[in-house]
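Letters A, B, ... mirror the listed sequences (proteins, then strands); counts begin at 1. Computation of the quantities below employed the complete heavy-atom set of this structure, encompassing side-chain atoms and omitting hydrogens, waters and symmetry-equivalent molecules. Everything numeric in this text was worked out from a predicted model, so none of it was measured.
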Protein chains: 2
Amino acid sequence: MGRMPGQTTAFATLHLDHSSTVDRAAEELRRAVFEGEVESGTPLREVALAASLGVSRSTVREALGVLVAEGLATREPHRGVSVARPAASSVRDVCRARLVLEGAGVRGWRDADPVDRRRVREALARYTDAVAAGDSFRALNEHHLAFHVSLVALTGSPRLVAAAEALMTELKLALAQVDRIRRNTHDQAESHTALVELLEADDVEGAGAFLCDHLEDAAVQVIGALGLG
Amino acid sequence: MGRMPGQTTAFATLHLDHSSTVDRAAEELRRAVFEGEVESGTPLREVALAASLGVSRSTVREALGVLVAEGLATREPHRGVSVARPAASSVRDVCRARLVLEGAGVRGWRDADPVDRRRVREALARYTDAVAAGDSFRALNEHHLAFHVSLVALTGSPRLVAAAEALMTELKLALAQVDRIRRNTHDQAESHTALVELLEADDVEGAGAFLCDHLEDAAVQVIGALGLG
DNA sequence: CTTGTCTGATTGTCCGACAATCTGCGGCGG
DNA sequence: CCGCCGCAGATTGTCGGACAATCAGACAAG
């Protein structure tokens with residue numbers, strides 16, 4: 001598509017046509033990983049993927065590079081790319097890093113842009129609504145992590161938000177492996193409401209401590225669910 | 001290793017044993033950017049670089065992808081990759097993000113691994129020594145930023161350190177453009193010594209405030225030197 | 001059971017090709 | 001004279017094939 005020479009009218013296709021073949025391939029690979037279609041540690045063969053996705057090996061290779069950069073896969077020289085396998089240490093590190101980033105957001109609650117504060121409330125609402133509506137674990141995780149990212153956004157720093165999103169991506173990889181095992185996302189929803197209530201009461205200190213416990217707990221839960229003691 | 005056909009390279013090729021051609025190409029591009037051989041905004045043409053580096057276009061393309069991922073360059077669809085141009089807003093954001101990361105390290109001074117504390121002292125020593133020895137700007141910047149990264153390492157989180165290094169890379173890009181203009185790196189060295197002394201005295205609060213001022217000042221100075229008001 | 005070698009599979013890199021797209025220039029009409 | 005149109009060159013995005021280097025497993029030898 002994309003011809004029609006005589007047309008000079010600007011079409012709406014400009015917005016989503018922004019997708020290149022590499023982007024689509026990378027997105028498909030991400031989906032396959034999060035959907036659990038490929039297990040952790042599975043090697044991603046270039047030729048096989050090229051055939052399966054109907055694109056050239058060069059394109060697959062570039063898409064794999066994106067996955068590796070996102071931390072969803074690892075590349076070993078001359079041994080190719082395989083789906084990253086979450087280690088207990090990396091889960092702990094992700095949560096420690098999250099504590100720093102989200103803690104910074106929480107501490108900045110008072111001075112934060114009102115718009116960002118509103119976004120936190122909205123993210124919480126979407127999360128609790130999704131829980132009440134009994135959405136899929138995938139959707140719940142998505143809303144849950146989006147809420148935590150919205151906390152980082154309180155800092156007003158795009159780069160910290162980007163860093164937080166990278167951490168969440170890594171976490172989603174880990175969660176993709178234990179999705180069906182755990183369902184206590186419910187309690188977490190209430191826990192998050194409590195966190196925001198502390199913030200609304202300007203109890204930044206308390207909210208910080210709450211967050212610290214919450215993340216500590218999250219790390220333990222995930223590691224336990226992964227069976228990595 | 002792979003073959004390297006006749007090349008028009010203007011400089012000696014670096015052989016690091018277990019490094020791929022892509023890595024070497026990316027490293028060469030980084031060097032060219034930091035060395036100021038290419039100005040900000042300069043388009044990086046794939047065929048020209050392939051010829052200049054003596055590698056294939058595929059390899060150049062992959063190396064450019066690395067540069068883009070590092071934030072040293074930007075890619076616009078169908079318009080290619082060009083050296084990123086630092087904006088005032090991005091410099092401010094980098095410094096705000098640094099404050100969060102380095103602040104977390106400073107606050108964790110007491111609980112930090114003694115090895116990491118020692119590394120901070122060593123990084124400071126290397127920096128001040130380099131200043132005393134009258135090293136080049138490039139070397140001073142390198143030591144200076146390494147010191148700040150060592151503060152982040154106090155958190156013990158590899159991911160936060162990686163994030164900090166990414167921020168420093170972006171900052172180096174900005175500094176590469178105003179290198180010769182600034183000379184007050186000296187005062188900064190003393191300032192850093194004072195910071196560590198506060199830490200040694202367990203005055204974490206004071207050190208944090210000190211760091212906050214330091215980073216605020218750094219942002220202003222860099223933006224001013226860039227002439228971006 | 002250990003060790004060395006062979007063979008097939010896979011990656012890293014190169015080359016050439018082509019359509020789609022961008023950019024700058026010159027012509028045409030107003 | 002100015003602005004719009006389209007053309008030609010340059011550049012990217014993607015493809016397909018090729019080959020050496022390297023890795024993994026089987027297999028034979030000690």
Under the 3.5 Å rule, do the base of dG17(D) and the side chain of Arg57(A) count as making a donor-acceptor pair?
-> no
Does the side chain of Ser20(B) pick up a donor-acceptor pair with the side chain of Asp23(B) at under 3.5 Å?
-> yes
Winner on side-chain proximity to Arg75(B), out of dT13(C), dG13(D), dC15(D), is dG13(D)
Which part of the nucleic acid, if any, lies within contact of Thr59(A), taking any heavy atom under 4.0 Å across all strands shown: a base, the sugar-phosphate backbone alone, or nothing?
-> sugar-phosphate
Tell me: NE2 of His78(B) to P of dC18(C), nearest whole Å?
-> 19 Å
Taking CD from Glu62(B) and P from dT13(C), how many angstroms apart are they, rounded to a whole number?
-> 7 Å
Minimum-distance nucleotide (side-chain atoms of Ser58(A) versus dT14(D), dC15(D), dG12(C)) = dC15(D)
Of the candidates dT23(C), dC14(C), dG16(D), the side chain of Arg79(B) sits closest to dT23(C)
Could you state the CG-P distance from Leu53(B) to dC14(C), rounded to the nearest angstrom?
-> 10 Å
Between CZ of Arg61(A) and C1' of dG17(D) the distance, given in whole Å, is 15 Å
Does His148(B) have its ring centroid less than 6.0 Å away from the ring centroid of His214(B)?
-> yes
Any Thr21(B) side-chain nitrogen or oxygen under 4.0 Å from OP1 or OP2 of dT13(C) | yes
Pick from Leu64(A), Val60(A), Val55(A), Thr59(A): which one makes a side chain to side chain contact (heavy atoms under 4.5 Å, CB included) with Val22(A)?
-> Thr59(A)
Quickly work out the Leu49(A) CG to dT10(C) P distance and round it to whole Å.
-> 11 Å
Would you mind telling me which of dC15(D), dG12(C), dT13(C) lies closest to the side-chain atoms of Val22(B)?
-> dT13(C)
Rounded to the nearest Å, what distance is computed from the CD atom of residue Glu76(A) to the P atom of nucleotide dG12(C)?
-> 11 Å
Of all the nucleotides listed (dC15(C), dG12(C), dC22(C)), which has the minimum atom distance to the side chain of Ser56(B)?
-> dC15(C)
Touch class at under 4.0 angstrom, heavy-atom based, for Arg45(A) against every strand present | sugar-phosphate
Here the pair of heavy atoms bringing Val94(B) nearest to Leu167(B) is CG1-O, 3.9 Å
Inspect the surroundings of CD in Glu216(A) and state if more than 12 heavy atoms from other residues, nucleotides or ligands are less than 6.0 Å away.
-> no
Starting at the 5' end of DNA chain D and moving along, which residue's nearest nucleotide shows up first, Gly54(A) or Val81(B)?
-> Val81(B)
